[in-house]
**Q** 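Let me give you the structure first, and then I'll get to my questions.
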Amino acid sequence: MVDQAKDGGEAPRDTYMPKPPSKEEVDQVSREQGMISDEWTGEPPADGGEAPNGKG
């Protein structure tokens with residue numbers, strides 16, 4: 001095989017092939033996502049607009 005770097009071409013690069021997550025990894029992410037809460041505090045938007053339901 002001819003070394004491409006000597007011929008002025010690009011050197012061969014290593015490729016990265018990610019593996020799919022295992023069942024345990026998927027379950028862990030699902031548990032962590034279940035702990036995320038997105039509670040709205042009821043404060044009006046920063047741009048001075050009106051909050052939903054006429055609050056603010």
Side-chain angles (χ1 to χ4, degrees):
M1 187 165 134
V2 176
D3 187 359
Q4 291 179 349
K6 290 181 185 175
D7 294 335
E10 289 184 20
R13 61 180 181 196
D14 293 332
T15 57
Y16 173 70
M17 183 73 94
K19 64 178 179 101
S22 67
K23 172 82 169 112
E24 292 78 20
E25 291 170 322
V26 171
D27 290 343
Q28 176 67 28
V29 170
S30 295
R31 282 192 300 274
E32 290 173 359
Q33 287 179 338
M35 289 188 258
I36 297 173
S37 65
D38 187 18
E39 296 181 15
W40 184 62
T41 61
E43 297 174 0
D47 64 1
E50 190 171 308
N53 300 327
K55 296 179 182 177

**Q** Under a 3.5 Å distance rule, please check whether Glu25 uses its side chain to pair with a backbone N or O of Ser22 as donor and acceptor.
**A** yes
**Q** Which donor-acceptor pairs under 3.5 Å do side chains of residues 11-20 form with protein atoms, sequence neighbours excluded?
**A**
none

**Q** Who pairs with Arg31 by side chain to side chain donor-acceptor pair (under 3.5 Å), at least two apart in sequence or on another chain?
**A** Gln28
